A.B. asks: 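Right, I'll just put the structure down here and ask away after.
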Amino acid sequence: MTTGWTWTYDRYDPEREPLVEALCTLGNGRFATRGSTPECTAGTTHYPGTYLAGCYDRLASVVAGERVENEDLVNLPNWTLLRYRRLPDDGPPGDWLSPDAGELRHYGVHLDLRAGVLTRHLLFEDARGRGLRVSHIRLVHMGAPGLAAQCTVFRAYGWSGSIEVESLLDGAVTNAGVERYRHLDGRHLTDHRVGFEPGGVAWLACRTVDPGVGVALAVRTVTRPARPAREAVTRTGTVQTYHLPVVPRRSAMVVKTLALRTSTDRPAADPLSAATGEIARAPAFPRLLSTHRAAWQRVWEQGELHAPGEAGRILRLHVFHLLQTLSPHTAELDVGVPARGLHGEAYRGHVFWDELFVLPYLELHFPGVARALLMYRHRRLPAAREAARLAGRQGAMYPWQSASSGREETQSLHLNPRSGRWLVDRSRLQRHVGSAVALNVWRYAQATGDRGFLHSAGAEILLEVARFWAGAAAFDPASGRYRIRGVVGPDEYHDAYPDAPTPGIDDNAYTNATAAWVLARGLDLLGELPEARRSELSEQLALDDAELARWEDVSRRLHVPFHHGVVSQFEGFGELAELDWDRYRARYGDIRRLDRILEAEGDTVNRYQASKQADTLMLGYLFRPEELRDLFARLGYTLDDEVWRATVAYYLRRTSHGSTLSSLVHGWVLARQKGADAWRYCEEALLADVADVQGGTTGEGIHLGAMAGTIDLVERGITGLETGPEGLRVAPVALAEIPRFTFTLCCGRHRGVRLRILPGRLAIRVPASPEGPLAVVLPGGRRFTVAPGQERWFRL
């Protein structure tokens with residue numbers, strides 16, 4: 001249920017609680033804390049978690065008789081834990097109270113998106129009618145990225161007495177938030193040290209196992225009325241116990257304030273000294289709350305998208321979670337885009353290709369953050385070069401899953417929960433991730449005008465990815481074309497041909513087309529570089545005319561397969577068996593994870609024309625129709641509207657949508673061609689997390705790419721917006737379900753330009769500036785200018 005800026009859950013449902021905890025996560029781009037109830041430790045219903053951006057740890061486990069290593073985003077000590085119970089005058093203490101207690105009479109959770117504040121209300125009542133109302137207010141400070149706080153208020157109804165409250169700092173946490181990972185070693189914290197400081201401060205210092213990141217948490221607990229604490233330590237934590245009087249019309253309060261510091265912070269300092277020093281300076285809760293609200297107001301001014309109705313409210317939630325994961329503070333860090341946010345442990349917190357869906361929004365609103373995320377890739381360029389060398393290639397081969405070092409972190413085995421069998425994981429063969437990185441570099445520079453980045457770090461990335469593709473393509477004399485063999489496409493289902501002794505498939509259309517695009521852009525970039533920089537890069541990378549001639553040749557003669565008048569997902573796709581989709585839907589209902597269903601039956605999805613998610617159709621997401629037409633023409637193929645529409649229709653019938661990104665891409669592609677089902681797919685993308693359409697996966701962490709993609713669907717997809725040095729290009733697509741919306745650009749010379757879309761009309765307001773008038777190109781090539789300080793309306 002949503003109302004205005006508040007996301008609300010008005011009843012307690014243990015089965016829904018993991019979803020609530022994920023969607024009520026609070027963060028500031030540096031760290032985040034799941035929206036778990038303070039009364040409970042980790043279990044099947046509740047899972048407290050605090051995650052620091054970029055804080056990974058590597059452990060080895062034995063799986064199916066094999067030793068495997070996994071690098072995980074580490075679950076840090078739980079600072080939120082607070083237990084309480086009644087202390088009646090006429091008997092023993094009551095049980096510890098929690099949402100799972102039989103005395104619970106009311107439970108409500110309210111997430112204030114405008115302020116970044118989570119409030120939880122509980123009402124307990126025992127058999128004698130003695131009521132206790134408990135309210136928790138939590139924030140993770142958006143202005144001071146090392147601070148968080150939680151204020152708990154107790155009110156008695158129909159009785160007077162006291163309550164016992166335990167404020168705990170719990171370091172006995174593990175990574176156990178994803179059921180299918182629980183057989184792996186999740187004990188990432190070691191060398192615990194605990195203690196107390198004057199002023200109600202408890203502290204805990206520890207480190208990760210490998211590479212040994214030092215972590216320190218200092219928690220200041222203050223009560224009203226003020227009471228002394230009975231302090232005790234355990235091997236991995238602290239306990240502060242208070243006895244507080246509660247009477248009708250007079251509340252008792254407990255405030256926990258956290259300071260979190262690590263050995264990776266800059267400037268370098270001892271984490272424990274830094275944490276205890278910061279907590280000593282931290283203001284009281286009212287001041288923290290007011291400065292936190294002010295910081296969020298500044299972020300919203302730069303990043304908000306205004307849209308009406310339920311779709312607008314969900315889009316606002318998506319913006320909120322994107323900005324909690326990747327805030328302006330992220331620009332100061334060496335981190336990538338975690339596919340599941342800082343909201344849980346799914347995908348082990350790894351970085352995939354999701355910046356392809358995330359960066360377009362950040363480029364328009366927070367270009368400094370977008371640049372920092374690209375620098376994460378640049379700092380790991382040496383690792384990508386080494387991976388290419390070990391594979392017998394030149395250039396840079398970026399990993400499908402990345403974490404701290406940039407090495408390949410994709411698991412070698414994965415568990416099918418339907419069959420209970422461990423299977424070989426070949427998803428690391430998704431070499432197309434390199435094209436995504438290169439495309440992000442190019443489009444960031446186009447959107448922001450940051451040629452300095454493109455000509456420096458960006459050029460090194462893009463040229464090395466181009467070099468990899470030129471070497472990966474092998475010439476086939478029989479066809480007179482280049483071919484890229486042994487890969488896995490975005491589909492992910494097809495990792496080999498049926499009964500083939502070797503992994504991978506050949507000539508994935510998406511992989512080959514994007515490789516050709518990268519090679520062409522690499523040549524374009526070399527052509528625009530200043531002579532000194534071009535000479536420097538040519539010397540640094542040992543580029544010569546013969547290699548560049550090969551780039552040109554490969555970019556024009558890469559093979560893209562077709563069958564039955566449509567683009568083939570890969571060579572031989574059209575020869576695979578057709579799946580009886582109706583039979584499987586009737587038998588299983590939800591067949592999003594068709595691969596698991598077939599494997600459990602002793603079959604394999606490799607035998608069928610069935611895709612997990614958009615693959616070939618990803619080309620229609622990345623490129624406008626005219627761009628895609630030109631790309632195929634460069635390769636010597638005709639891809640007119642008729643062929644593309646047939647291709648879209650072909651794969652719509654053969655996709656199970658096992659990824660939240662799939663509906664997003666299909667909605668985008670259909671909206672561009674005014675397809676009848678466009679809104680159905682857009683709506684599924686909007687609901688992917690809030691309705692947990694994947695059946696329990698959101699509780700393990702949000703799907704950040706899908707969330708960001710829905711925002712981009714509105715800002716760029718519906719508007720057809722392109723920013724560039726020549727001005728703005730706008731080609732709106734009518735989508736009746738989102739008839740009007742407004743947003744403001746904050747990048748380059750377009751900073752402060754505001755766009756308003758209404759049915760049949762477009763308004764562009766340009767702020768007063770010395771930049772001069774803004775050029776606008778509308779559909780049909782109509783050209784206009786908008787003067788500084790003016791707003792102009794256009795009919796569409």
Side-chain angles (χ1 to χ4, degrees), residues 18 44 59-72 175-186 339-340 344-350 352 400-401 408-430 487-505 576-577 579-581 583-613 615 654-662 688 692-701 703:
T44 57
L59 290 177
S61 305
V62 176
V63 177
E66 295 187 28
R67 183 181 185 275
V68 297
E69 287 188 0
N70 288 287
E71 190 173 43
D72 294 80
N175 274 51
V178 179
E179 183 177 358
R180 61 190 175 277
Y181 302 163
R182 287 175 190 162
H183 57 280
L184 302 173
D185 190 352
R340 303 300 283 270
E345 295 163 14
Y347 300 167
R348 299 186 176 89
H350 290 172
F352 293 71
W400 176 236
Q401 296 187 34
E408 180 63 77
E409 299 295 348
T410 305
Q411 64 271 24
S412 57
L413 298 171
H414 69 268
L415 175 69
N416 180 356
R418 279 188 174 270
S419 67
R421 285 189 286 265
W422 286 95
L423 311 171
V424 175
D425 193 310
R426 294 166 172 160
S427 58
R428 67 181 60 214
L429 295 177
Q430 292 186 78
V487 301
V488 170
D491 158 47
E492 293 188 327
Y493 274 176
H494 296 87
D495 61 5
Y497 289 101
D499 304 318
T502 56
I505 48 90
L576 300 178
L579 184 78
D580 188 342
W581 291 88
R583 182 169 72 87
Y584 276 92
R585 289 192 176 99
R587 183 173 181 181
Y588 292 100
D590 185 350
I591 60 169
R592 287 183 175 89
R593 290 311 305 264
L594 183 64
D595 58 332
R596 293 175 176 174
I597 291 172
L598 290 171
E599 193 279 329
E601 291 184 347
D603 203 349
T604 173
V605 75
N606 282 329
R607 296 180 54 234
Y608 300 99
Q609 294 184 48
S611 299
K612 174 183 175 183
Q613 58 189 338
D615 188 302
R654 293 168 174 83
T655 304
S656 71
H657 304 293
S659 164
T660 55
L661 294 173
S662 188
D692 200 9
V693 298
Q694 295 284 335
T697 62
T698 302
E700 302 168 347
H703 298 83

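Residue numbers run from 1 in the order of the sequence given. It should be emphasised that the depicted structure is a prediction, and the values quoted were computed from it without experimental measurement. Keep in mind that the numbers below use all heavy atoms, side chains included, and drop hydrogens, waters and symmetry copies.
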A.B. asks: Is the side chain of Arg418 donor-acceptor paired with the backbone N or O of Arg593 at a distance under 3.5 Å, no angle test?
C.D. replies: no
A.B. asks: Can you measure from CD (Glu601) to OG (Ser419) and round to the nearest 0.5 angstrom?
C.D. replies: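 Result: 11.0 Å between the selected atoms.
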A.B. asks: Could you tell me how the ring of Trp422 sits relative to the ring of His183: parallel (under 30°), tilted (30 to 60°) or perpendicular (over 60°)?
C.D. replies: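 Ring orientation of Trp422 relative to His183: perpendicular.
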A.B. asks: Taking Asn416's backbone N and O only, do any of them form a donor-acceptor pair with Arg596's side chain (distance below 3.5 Å, no angle check)?
C.D. replies: no
A.B. asks: Between Ala496 and Pro503, what is the shortest heavy-atom contact and its length?
C.D. replies: CB-CA, 4.2 Å
A.B. asks: Kindly compute the distance separating OG (Ser662) from NZ (Lys612), expressed to the nearest 0.5 Å.
C.D. replies: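 So the OG of Ser662 and the NZ of Lys612 are separated by 10.0 Å.
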A.B. asks: What I'd like to find out is whether the side chain of Tyr497 reaches to under 4.5 Å of the side chain of Asn606, using heavy atoms alone.
C.D. replies: no
A.B. asks: Got a sec, which residues hit side-chain contact (heavy atoms from CB on, under 4.5 Å) with Arg654, two or more places apart in sequence or on another chain?
C.D. replies: Glu578, Trp581, Gln609, Tyr650
A.B. asks: Thr410 versus Gln430: any side-chain heavy-atom pair under 4.5 Å?
C.D. replies: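 Side-chain contact under 4.5 Å: no.
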A.B. asks: Does the side-chain contact (heavy atoms from CB on, under 4.5 Å) test come out yes or no for His494 and Asp615, once each step is laid out?
C.D. replies: CA-CA 11 Å; His494 296 87; Asp615 188 302; over 6 Å; no
A.B. asks: Between the side chain of Arg180 and the main-chain N/O of His414, is any donor-acceptor distance below 3.5 Å?
C.D. replies: no
A.B. asks: Is there a donor-acceptor pair under 3.5 Å between the side chain of Asp692 and the backbone N or O of Thr698?
C.D. replies: yes
A.B. asks: Any side-chain donor paired with an acceptor under 3.5 Å for Tyr181 and Glu700?
C.D. replies: no
A.B. asks: Could you tell me if the side chain of Arg592 sits less than 4.5 Å from the side chain of Val693, heavy atoms only?
C.D. replies: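 Side-chain contact under 4.5 Å: yes.
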A.B. asks: Does any non-hydrogen side-chain atom of Ile505 lie less than 4.5 Å from one of Val488?
C.D. replies: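 Side chain of Val488 against side chain of Ile505, heavy atoms only: no contact under 4.5 Å found.
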A.B. asks: Please round to the nearest 0.5 Å and tell me the distance separating atom CG of Asp590 and atom CZ of Arg585.
C.D. replies: 10.0 Å
A.B. asks: Can you confirm whether the side chains of Ser656 and Tyr584 place a donor and an acceptor under 3.5 Å from each other?
C.D. replies: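 Short answer, no.
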A.B. asks: Are Ile597 and Ile591 packed together at the side-chain level, in the sense that at least one heavy-atom pair is separated by less than 4.5 angstrom?
C.D. replies: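 Heavy-atom side-chain distance check passes, below 4.5 Å.
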A.B. asks: Inspect the contact between Arg428 and Glu408 and indicate whether a charged nitrogen and a carboxylate oxygen are less than 4.0 angstrom apart.
C.D. replies: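 Salt bridge absent between Glu408 and Arg428.
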A.B. asks: I need the minimum non-hydrogen distance between Tyr493 and Ala610, along with the two atoms involved.
C.D. replies: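 Scanning both residues, the minimum pair turns out to be CD1-O, 3.5 Å.
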A.B. asks: Distance check, rounded to the nearest 0.5 Å: Thr604 atom OG1 versus Asp495 atom CG?
C.D. replies: 7.0 Å
A.B. asks: Closest approach of Leu661 and Gln613, non-hydrogen atoms and distance?
C.D. replies: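 Minimum heavy-atom contact is CB-OE1, 4.4 Å.
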A.B. asks: Run the side-chain contact (heavy atoms from CB on, under 4.5 Å) check on Glu345 and Asp72 step by step: do they pass?
C.D. replies: CA-CA 8 Å; Glu345 295 163 14; Asp72 294 80; over 6 Å; no
A.B. asks: Measuring from Trp400:CH2 to Asp425:CG, what's the distance to the nearest 0.5 Å?
C.D. replies: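 Trp400 atom CH2 to Asp425 atom CG measures 11.0 Å (nearest 0.5 Å).
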A.B. asks: Can you see which heavy atom on Val605 is nearest to which on Leu598, and at what distance?
C.D. replies: CA-CD1, 3.6 Å
A.B. asks: Could you tell me whether the side chain of Ser61 and the main chain of Asp185 form a donor-acceptor pair under 3.5 Å?
C.D. replies: yes
A.B. asks: Using a 3.5 Å distance criterion without hydrogens, assess whether the side chain of His350 forms a donor-acceptor pair with backbone atoms of Glu71.
C.D. replies: yes
A.B. asks: Check whether any side-chain heavy atom of Asn175 lies under 4.5 Å from a side-chain heavy atom of Arg348, and answer yes or no.
C.D. replies: no
A.B. asks: Would you say Leu594 and Tyr608 make side-chain contact, with heavy atoms under 4.5 Å?
C.D. replies: no
A.B. asks: Could you tell me if the side chain of His703 sits less than 4.5 Å from the side chain of Thr697, heavy atoms only?
C.D. replies: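 They are in contact (side-chain heavy atoms under 4.5 Å apart), so the answer is yes.
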A.B. asks: Can you name the side-chain hydrogen bond (donor to acceptor under 3.5 Å, both in side chains) partners of Ser412, sequence neighbours left out?
C.D. replies: none
A.B. asks: Determine whether the side chains of Gln401 and Gln411 contain a donor N or O and an acceptor N or O closer than 3.5 Å.
C.D. replies: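 Yes, because at least one side-chain N or O of Gln401 sits under 3.5 Å from a partner of the opposite role on Gln411.
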A.B. asks: Flag yes if more than 12 heavy atoms outside Glu179 fall under 6.0 Å of its CD atom; otherwise flag no.
C.D. replies: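 At most 12 heavy atoms, drawn from other residues, nucleotides or ligands, come within 6.0 Å of this atom.
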